[in-house]
**Q** 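Got a structure here, written out as structure tokens. Questions coming.
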Number of protein chains: 2
Amino acid sequence: MQSKVTLADVAAAAGVSKMTASRAMRGARDVSPKTVERIQRIAAELGYMANHVAASLANNRSDLIGVVVPSLSNIVFSEVMSGIEDAITGSGLQPFFGVTGYDPDREYRIVRQMLSWQPAGMIVTGLDQDDLTTQMLRVAPLPIVQIMDTDGDPVDMCVGFSQREAGAGMARMLLEAGRKRFAYVGCGLDRDTRGAKRRAGYLETLAAHGITDVPERIVGGLSSVAAGKAMTAEILTAHPKLDAIYYSNDDVAMGGLFHCMEAGIPIPDRLTIAGFNGVDISASLPAPMATTRTARREIGAAAAAAILNRQGRGTKSPLPALQTLEVHHVLDARISVTTS
Amino acid sequence: MQSKVTLADVAAAAGVSKMTASRAMRGARDVSPKTVERIQRIAAELGYMANHVAASLANNRSDLIGVVVPSLSNIVFSEVMSGIEDAITGSGLQPFFGVTGYDPDREYRIVRQMLSWQPAGMIVTGLDQDDLTTQMLRVAPLPIVQIMDTDGDPVDMCVGFSQREAGAGMARMLLEAGRKRFAYVGCGLDRDTRGAKRRAGYLETLAAHGITDVPERIVGGLSSVAAGKAMTAEILTAHPKLDAIYYSNDDVAMGGLFHCMEAGIPIPDRLTIAGFNGVDISASLPAPMATTRTARREIGAAAAAAILNRQGRGTKSPLPALQTLEVHHVLDARISVTTS
DNA sequence: CTGAAAGCGCTAACAA
DNA sequence: TTGTTAGCGCTTTCAG
């Protein structure tokens, strides 16, 4: 059971004090290079393994960074995590994930649990946590970054884009392309507040252009290709003359696309399928789909960078001003422009 | 800065000892219900938040469970994680993820880092860690479960299925369906050892049936639909008469399917596209794809359950016998059976 | 450059 | 049912 080798053992074996061994095992700026080399060699021989729990207790701070995402079945959050990992590589921080399943209670428990590990920072998806969670984050003495959304008041820092504006932008693009008969199809908007904001932006923009009759199909539960396929079949049966459908995201939209391919509906000529996210697969589909490409990696990386910038200080910025970083998102046309 | 509220503060405010407060805040079996209620109320009023770091140091054990996966861009691992979360819900354990990107060095660092948090258990993907990592896991005094693969020697426990046999099974199914001209297309087999095992099982089985001329296209890098699409275009140009292509996984296979749809190749009549995993989307595609449905959630859940079963004992099972749980996988035909 | 003392916040093991 | 005594393994002072 080598794991019982402690720093004291290493120190004893090397004939130095625990303190010297401690310094030698980390950055070690105040120890002679020779000693460092010797201590590290002995540590390796003994099979010494650091105990981060003890170190964190002594420091009153761990080098964990808590990351809270709603789901992993959506590739998007994997890419956010990827961006985070890239940004903290070499910093000594370690990310530490929790998945809420879009459940506010679960989010509360996860955030609480994470905070109890005294992390160096937290990255939380969205601005719409429930009151207890928000309060907990607000009083926590560590940098917090909320990501993916800027439509609301951040607890501390914020990196993302306006979801409402993303939906509005898609509506404008479809209008400019000459589309006339719009619909909306989505999954799980009761819990996915960002999806709900996109829908709201879409519907508002259409309404501002006098289009108020927008059929919709919405189901609860997780996004899925299968659900998108089924709802598209339904809505096209009820409204065969639709020429644009906006979906809650690319997964659902792909289901719509697949339905149309099977049903022989020419895409994109007769109907535009519009998703959201711009996931990789959307560029390889056998028929074109419009989407909004979001910068997930960049958002993750920027959020992690924001925490690193605060590193070394256990308190929030003294400025009452909250920092929000707006990250671009790009409309990906792939629409057949009709001449009306 | 409420986070400075410590158990001692709660105890003082309640007029009890730290120990009583400690007991009251957790399970509390030996404390009078009234005291428990009072202490918990006071703790809430004071905004007390547990410090898991201190608790873990005192226990010499945290209630984290480390989960190491190679990638998140593959939905499969998200589903494994889901299974893990489901299984440990209510147990008080918390999963804690690391992503290796199929890089053995990174895997080593992640495992080392995780072990330094004194987790209650570890779940690691695959049986092919490098020697240092394996050694580290072997001596760690905690339950370890390796998942997804059973072709090899586990360090401790193992939950999965034979990847080689999965590849062989697909070859047999294609042979039985009357397919004659086989190919293989894959991504990243230099690092994805499980994918490489499936390929080996496939090729061996074909060879056993006298089929040794199996064209292949393999690229490095991550699996992607785009890569599958490009390689399929290439291989079909070079070998237009192929009637079955096995891919390293469903993502790559979908690329193949999309290429064929664009190229007007009738699927599945003239060509069977065979993937691996049985991801949800594979059932909604506009043309049928064969695949092997794997039980990811079940594997995750069984792995977590194996760790829970060991809970309470800091040492490995005294039995030298290593426990391997074989989880089923199911072939999903969707092949047009030809009459030869 | 190195060491000694003190303590981070909590809990096991006893006592009472 | 509750309290006391010792640490868990490390790092932060502050001396040498």
Side-chain angles (χ1 to χ4, degrees), chain A residues 1-39 43 46-64 92 113 115-120 141 312 314, chain B residues 1-39 43 46-64 92 115-120 141 312-314:
Chain A
M1 203 164 292
Q2 299 195 34
S3 64
K4 289 297 176 193
V5 178
T6 187
L7 194 60
D9 300 328
V10 175
V16 297
S17 72
K18 272 197 319 182
M19 225 19 253
T20 304
S22 170
R23 290 194 262 250
M25 292 308 291
R26 349 172 227 160
R29 34 145 141 292
D30 281 358
V31 191
S32 78
K34 288 185 177 181
T35 333
V36 170
E37 192 278 327
R38 188 166 51 90
I39 291 175
L46 263 48
Y48 170 70
M49 183 163 296
N51 184 334
H52 275 171
V53 176
S56 300
L57 180 60
N59 285 327
N60 260 316
R61 148 104 67 87
S62 74
D63 37 24
L64 293 172
Q113 166 93 350
L115 286 174
S116 78
W117 281 100
Q118 319 290 117
Chain B
M1 203 164 291
Q2 300 194 32
S3 64
K4 288 296 176 195
V5 177
T6 187
L7 194 60
D9 300 327
V10 175
V16 297
S17 72
K18 273 198 318 180
M19 217 30 243
T20 303
S22 169
R23 290 194 263 248
M25 291 309 292
R26 342 171 233 163
R29 34 148 141 289
D30 281 357
V31 190
S32 78
K34 290 185 177 181
T35 335
V36 169
E37 193 278 328
R38 188 167 50 90
I39 292 176
L46 264 47
Y48 170 71
M49 182 163 295
N51 184 333
H52 274 173
V53 176
S56 300
L57 180 61
N59 284 327
N60 258 317
R61 149 105 67 89
S62 74
D63 35 24
L64 293 172
L115 286 174
S116 78
W117 281 101
Q118 321 290 117
R313 311 199 290 107

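Since we're looking at a predicted model, the values are computed, not measured. Convention: sequence-line order gives letters A, B, ...; per-chain numbering from 1.
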**Q** Using atom NZ of B:Lys4 as one end and atom P of C:dC10 as the other, report the distance to the nearest whole Å.
**A**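 Those two atoms, NZ and P, are 11 Å apart.
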**Q** Distance check needed: D:dG9 P versus A:Asn60 CG, whole Å only.
**A**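 Going from A:Asn60 (CG) to D:dG9 (P), I get 19 Å.
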**Q** Give the nucleotide from the list C:dC10, D:dG3, D:dC10 with an atom nearest to the side chain of A:Leu7.
**A**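 Of the candidates, D:dC10 comes closest.
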**Q** Give a yes/no on whether any side-chain N or O of A:Arg26 is located under 4.0 angstrom from OP1 or OP2 of D:dT12.
**A**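 For D:dT12, OP1 or OP2 has a side-chain N or O of A:Arg26 closer than 4.0 Å.
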**Q** On the nucleotide D:dT12, are OP1 or OP2 found under 4.0 Å from the side-chain N or O atoms that A:Asn59 carries?
**A**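 Affirmative; the distance criterion is met.
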**Q** Between A:Asn51 and D:dC8, is there a contact of a side-chain N or O with OP1 or OP2 at under 4.0 Å?
**A**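 So the side chain of A:Asn51 is outside the cut-off, no N or O lying under 4.0 Å from OP1 or OP2 of D:dC8.
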**Q** In whole Å, what is the span from the CG atom of A:Asp9 to the P atom of D:dC8?
**A**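 Rounding to the nearest Å, CG of A:Asp9 and P of D:dC8 are 11 Å apart.
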**Q** Does a side-chain N or O of B:Arg23 approach OP1 or OP2 of D:dG3 to a distance below 4.0 Å, or not?
**A**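 No.
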**Q** Using modelled atom types and a 3.5 Å cut-off, is there a donor and acceptor pairing between side-chain atoms of A:Thr6 and backbone atoms of A:Asp9?
**A**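 Pair absent, no side-chain N/O of A:Thr6 close to backbone of A:Asp9.
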**Q** If the cut-off is 4.0 Å, is A:Ser32 near the phosphate of C:dT2, judged by side-chain N/O to OP1 or OP2?
**A**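 Yes, because at least one side-chain N or O of A:Ser32 sits under 4.0 Å from OP1 or OP2 of C:dT2.
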**Q** Look at the side chain of B:Ser62 and the backbone N and O of B:Ser56, then say whether any donor-acceptor pair between them is shorter than 3.5 Å.
**A**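 Flag not set: sc B:Ser62 to bb B:Ser56 has no pair under 3.5 Å.
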**Q** Check whether any side-chain heavy atom of A:Glu37 sits under 4.5 Å from a side-chain heavy atom of A:Pro33, and report yes or no.
**A**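 The answer is no; the side chains never approach within 4.5 Å.
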**Q** If I take atom CZ in residue B:Arg38 and atom C1' in nucleotide D:dT2, what distance separates them, rounded to the nearest angstrom?
**A**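 The distance from CZ of B:Arg38 to C1' of D:dT2 comes to 12 Å, rounded to the nearest Å.
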**Q** Look at A:Tyr48 and D:dG9 and indicate whether a side-chain polar atom (N or O) is within less than 4.0 Å of OP1 or OP2.
**A**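 No, because none of the side-chain N or O atoms of A:Tyr48 sits under 4.0 Å from OP1 or OP2 of D:dG9.
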**Q** Taking the minimum atom-to-atom distance to the side chain of B:Ala58, which one of C:dG3, C:dC8, C:dC10 wins?
**A**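 Looking only at heavy atoms from C-beta outward on B:Ala58, the closest nucleotide is C:dC10.
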**Q** Which residue lies toward the 5' end of DNA chain D, A:Ala50 or B:Lys18, if each is placed at its nearest nucleotide?
**A**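 This one resolves to B:Lys18.
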**Q** Look at all strands and tell whether B:Val53 reaches a base, only sugar-phosphate, or nothing, counting heavy atoms closer than 4.0 Å.
**A**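 Result for B:Val53 = nothing.
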**Q** Going from CD on A:Gln118 to CE on B:Met49, what distance comes out if it is rounded to the nearest 0.5 angstrom?
**A**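 Interatomic distance, A:Gln118 CD to B:Met49 CE, rounded to 0.5 Å: 9.0 Å.
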**Q** Rounded to the nearest 0.5 Å, what's the gap from NE2 on B:His52 to CG on B:Leu64? Could you check?
**A**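 Nearest 0.5 Å value for the NE2-CG distance: 8.5 Å.
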**Q** Return the OG1 to CZ distance between B:Thr20 and B:Arg38, rounded to the nearest 0.5 Å.
**A**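 So the OG1 of B:Thr20 and the CZ of B:Arg38 are separated by 9.5 Å.
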**Q** Should A:Thr6 be listed as having a side-chain N or O under 4.0 Å from OP1 or OP2 of D:dC10?
**A**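 Looking at the OP1 and OP2 atoms of D:dC10, one of them is under 4.0 Å from a side-chain N or O of A:Thr6.
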**Q** By nearest nucleotide on DNA chain D, pick out whichever of B:Met19 and B:Ala54 is the more 5' one.
**A**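 Closer to the 5' end of DNA chain D: B:Met19.
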**Q** Reckon B:Ser17 has a side-chain N or O less than 4.0 Å from the OP1 or OP2 of D:dG3?
**A**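 Checking B:Ser17 against D:dG3: at least one side-chain N or O falls below 4.0 Å of OP1 or OP2.
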**Q** Specify the separation, in whole Å, of atom CZ of B:Arg61 and atom P of D:dG9.
**A**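 Going from B:Arg61 (CZ) to D:dG9 (P), I get 14 Å.
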**Q** Give a yes/no on whether any side-chain N or O of A:Thr35 is located under 4.0 angstrom from OP1 or OP2 of C:dC1.
**A**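 Indeed not, no polar side-chain atom of A:Thr35 lies that close.
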**Q** Tell me: NZ of A:Lys34 to P of C:dC1, nearest whole Å?
**A**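 Value for this atom pair: 12 Å.
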**Q** Can a side chain N or O of A:Ser22 be found less than 4.0 Å away from OP1 or OP2 on D:dT11?
**A**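 For D:dT11, OP1/OP2 do have a side-chain N/O of A:Ser22 under 4.0 Å.
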**Q** Return the value, rounded to whole Å, for the distance between atom CD1 of A:Ile39 and atom P of C:dT2.
**A**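 Between P of C:dT2 and CD1 of A:Ile39: 8 Å.
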**Q** To the nearest Å, how far apart are A:Asp63 CG and D:dT11 C1'?
**A**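 Nearest whole value for this atom pair: 13 Å.
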